[in-house]
Amino acid sequence: MTTTTAPPPGTTSTPVKGRKPATRGRRAPSSGRRSTPLTIAMLAALAYFLLPLFWLLIASTKSTQDLFNSFGLWFSDAPQLLANVKATFTQDDGVFVHWLLNTVMYAVVSSVGAALLAAAAGYGFAKFRFRGDRLGFNLVLGAVMVPTTALAIPTYLLFAEAGLVNTPWAIILPSLVNPFGLYLMRVYAQDAVPDSILEAARIDGAGEARIFFTIALRLLAPGLVTVLLFTLVATWNNYFLPLIMLNDPDLYPITVGLSSWAAQAQNGGAGSSSDMLALVVTGSLISILPLVVAFLLLQRYWQSGLAAGGVKQ
Amino acid sequence: MAATTAAPAKGKRRAAGPLFVAPFMVLFLLLFLAPLGYAAYLSLFQERLIGGTAFVGLDNYVKAVQDPQLIHGVGRVALFFVIQVPVMLLLALLFALALDSGLLRLARVIRLGIFVPYAVPSVVAALMWGYLYGPDFGPFAQLSRDLDLPVPRFLSEGWMLGSLANIVTWEFVGYNMIILYAALRTIPTELYEAAAMDGAGAWRIAWSVKLPALKPALMLTLLFSVIGSFQLFNEPNLLMKVAPDVISSSYTANLYAYSLAFTGQQVNYAATVSFLLGLVIVIASYAILLTANRRRTP
């Protein structure tokens, strides 16, 4: 797939994995040139980044009791990961399953929508000249700097008047507009979609919509995956917006749900919520797995897509 | 022949452009500009006990810029920004350069491992670190007790901002590293060859060739960091539950706006505060862009 997006020679903004060995063969080091001290230093850094995740993995095998009584960075005598997972999924009539499904739904709808909207608009701005195109694009570019949380409160107030608060729309609609995504797609479309192909398709009599959906979208795929993945992360990890928009626990995404459990675990040290802590920990582990897997599987796409936005300014 | 087919095609092109752009722009107007405008509008009113909502002009702004809680909140995130962002970006830059140097073993594993925290929701990151920091069963506390050392007080007044900075750094170093690394991969090899032929060593190449080429990417990461720092909310909001005496409801400006709107029911004043906060961020971002541009063309 990446080979189809190789930019015309001379452009430097779209790195393509397959091209690297050819242009940078000199820098593919022989094993003798590798530095052991540097590798050790970087592995030490890696340990810092993986430590909390290692802790989480260990902690999710423990009962709340063992969380307090055993050493944090190693297993306790009675590992019970499966029991924890089961308890997480069945607590409060399976509300965690709701949260998980809500999160998937919000994240998938938002990210697919946002990526398509950004791709179409980025393509439109990159490949067409029309009245007001500069103004429109600059307006959006300026909006990259407007923080989403400063927008969230007025959006809440507007949505409250429109009756959208406490519905899935309150989460999905604001996530559909991704100004940085538009910027990225415009930069990407400029290089990845050659004008000559568009002209050829037009001469063959293809309509603009057809050209976009059958030719341009395919060429835009790495950029599209990048925007999709980063919107997916943003909505999956979104906390502020659902926190203010939703008050029905059945609509919560995982983030808000987990923080409500965490608050319960904090308050009630005994009684019915005494095993809450183990659920928070196990739920946290479950909530991060899908995204980590998505990033690992799609890495070649998002890394090349991201490069486009990082180089041109 | 060519002229006759090109002319209608061009007319069509002009018509098609706005159609591709329209869906995004309509939603942008509704979900970006409208809330901004609404916040600006709301910020001009005040709810009075007698007489309901009254137009008060810029009174809310006058109140806001003199509000010690807001000033402290903004000051705290500014301090956070000044300390945390350079550390984070410097680490990201060093890691990106190390990865790009081709001197690393296990480069792929290291790159992805450092990036992974970005995929972790900030809620989960804050929860995890909150437990790790904990004085009871946090492993740092456990270790220091076993070694008869004083237990580090990560969640105390003096340490809290640093502890928050650590969480944010942990979350975003990898993300910034990837942006910088991706930019490094696009530098044409000829530049290195030319530099090497002039006798430049690895450090010299990093300083004189790679860093200048990274400038746009560094600007991008810096810009995102401004935006992120000033709207700090998730991490303090979650650590508030473990350290309620240290983190107040106005600890950061964003936390303050939230508590005004949702616990204080001061909708108009909350709109003022979020509008002002947005303004601070836009001004800070522009200031950074302008300084960078001025330096580029002296």
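Side chains included, hydrogens not; waters and symmetry mates left out as well; all remaining heavy atoms used. Reminder, nothing fancy here: chain letters follow the sequence lines and each chain counts from 1.
Note: B/F233 and A/Y239 have tilted aromatic rings, judged against thresholds of 30 and 60 degrees for the angle between ring planes. The aromatic rings of B/Y118 and A/F295 sit perpendicular, their planes meeting at an angle over 60°, well past the 30° parallel limit. Classification of the B/F224-A/F180 ring pair by plane angle, with boundaries at 30° and 60°, yields perpendicular.
Neither the backbone nor the side chain of B/D146 comes within contact range of chain A; no heavy atom of the residue lies under 4.5 Å from a heavy atom of that chain. Looking at B/A126, there are no atoms closer than 4.5 Å to chain A (heavy atoms on both sides), in backbone or side chain. In this structure, chain B has a heavy atom under 4.5 Å from the side chain of A/I153, while its backbone stays farther away. Proximity to chain A (any heavy atom under 4.5 Å) is shown, for B/V21, by both the backbone and the side chain. Using a 4.5 Å cut-off between heavy atoms, A/L285 does not touch chain B at all. The part of B/M25 that comes within reach of chain A is its side chain, from C-beta onward, which places non-hydrogen atoms under 4.5 angstrom from that chain. Heavy-atom distances place both the backbone and the side chain of B/Q231 under 4.5 Å from chain A. The contact between A/Y123 and chain B is made entirely by side chain atoms (from C-beta outward), counting heavy-atom distances below 4.5 Å. Interface remark: A/V281 contributes side-chain atoms only to the contact with chain B (heavy atom separation under 4.5 Å). The part of A/N178 that comes within reach of chain B is its backbone (N, CA, C, O), which places non-hydrogen atoms under 4.5 angstrom from that chain. Heavy atoms closer than 4.5 Å to chain A are found in the side chain of B/A261, but not in its backbone. Interface remark: B/N268 contributes no atoms to any contact with chain A (heavy atom separation under 4.5 Å). A/P179 touches chain B through backbone and side chain together, each having a heavy atom under 4.5 Å away. Using a 4.5 Å cut-off between heavy atoms, A/T36 touches chain B through backbone and side chain atoms alike. B/L33 touches chain A through its side chain: at least one heavy atom from C-beta onward sits under 4.5 Å away, while N, CA, C and O do not.
Ranked by heavy-atom pairs under 4.5 Å with chain A, the first of B/L238, B/L31, B/L277, B/T221 is B/L31. Annotation: maximal heavy-atom pairing with chain B below 4.5 Å, among A/L176, A/L51, A/L67, occurs at A/L67. Per-residue counts of heavy-atom pairs under 4.5 Å with chain B were compared for A/A121, A/G72, A/G124; the largest is that of A/A121. Looking only at heavy-atom pairs under 4.5 Å with chain A, the residue among B/V116, B/L180, B/V120, B/L127 that has the most is B/V120. Most heavy-atom pairs under 4.5 Å with chain A, from the set B/A125, B/G130, B/P117, B/S285: that is B/S285. When the candidates A/V140, A/L291, A/V146 are compared by the number of heavy-atom contacts under 4.5 Å with chain B, A/V140 comes out ahead. With chain A as partner, the option from B/L27, B/L112, B/L94 having the largest number of non-hydrogen pairs under 4.5 angstrom is B/L112. For chain B, the option among A/L139, A/L50, A/D133 with the highest count of heavy-atom pairs below 4.5 Å is A/L139. Between chain A and the residues B/Y41, B/F230, B/Y286, the largest count of heavy-atom pairs under 4.5 Å involves B/Y286. Taking B/S274, B/G37, B/A253 one by one and counting their heavy-atom pairs under 4.5 Å with chain A, the maximum is reached by B/S274. Interface summary for chain B: among A/L157, A/V292, A/L258, the most heavy-atom pairs under 4.5 angstrom belong to A/L157.
To the nearest 0.5 angstrom, A/M42 atom CE is 4.5 Å from B/L99 atom CG. In this structure, the separation between CZ on B/F32 and OG1 on A/T155 is 8.5 Å, given to the nearest 0.5 Å. Separation of atoms CZ (B/F262) and CG (A/L243) is listed at 8.0 Å; rounding is to 0.5 Å. Taken from OH in A/Y48 to CH2 in B/W170, the straight-line distance is 8.5 Å, to the nearest 0.5 Å. Distance check, rounded to the nearest 0.5 Å: CG of B/L30 to CG of A/L158 gives 9.5 Å. Here OH of B/Y258 is found 8.0 Å from CD1 of A/I244. Values are rounded to the nearest 0.5 Å.
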Inset, instruction - Just do the side chain to side chain contact (heavy atoms under 4.5 Å, CB included) check on B/L143 and A/F71 with the steps written out, would you? - result: CA-CA 8 Å; B/L143 273 178; A/F71 178 55; 3.9 Å; yes

Legend entry - Working for side chain to side chain contact (heavy atoms under 4.5 Å, CB included), residues A/F49 and B/F95: CA-CA 12 Å; A/F49 289 99; B/F95 293 162; 3.7 Å; yes

Inset, instruction - Assess whether side chain to side chain contact (heavy atoms under 4.5 Å, CB included) is satisfied between A/F130 and B/F20, documenting all intermediate values. - result: CA-CA 11 Å; A/F130 49 91; B/F20 282 116; over 6 Å; no

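In summary, of the residues considered (A/S287, A/P253, A/S259), a side chain to side chain contact (heavy atoms under 4.5 Å, CB included) with B/V123 occurs for A/S259 alone.
Judged by distance alone, with hydrogens and angles left aside, the side-chain atoms of A/E208 form no donor-acceptor pair with the main-chain N or O of B/G17 at under 3.5 Å. At least one donor-acceptor pair closer than 3.5 Å links the side chain of A/T39 to the backbone N or O of B/R105.
Residues A/L117 and B/P23 approach most closely at CD2-CB, 3.4 Å, considering heavy atoms. Closest approach of A/N237 and B/P121 over heavy atoms only: OD1-CG, 3.2 Å. In plain terms, the two heavy atoms of B/M128 and A/P52 that are nearest each other are SD-O, 3.5 Å.
Aromatic pair A/Y156/B/Y38: ring centres not closer than 6.0 Å.
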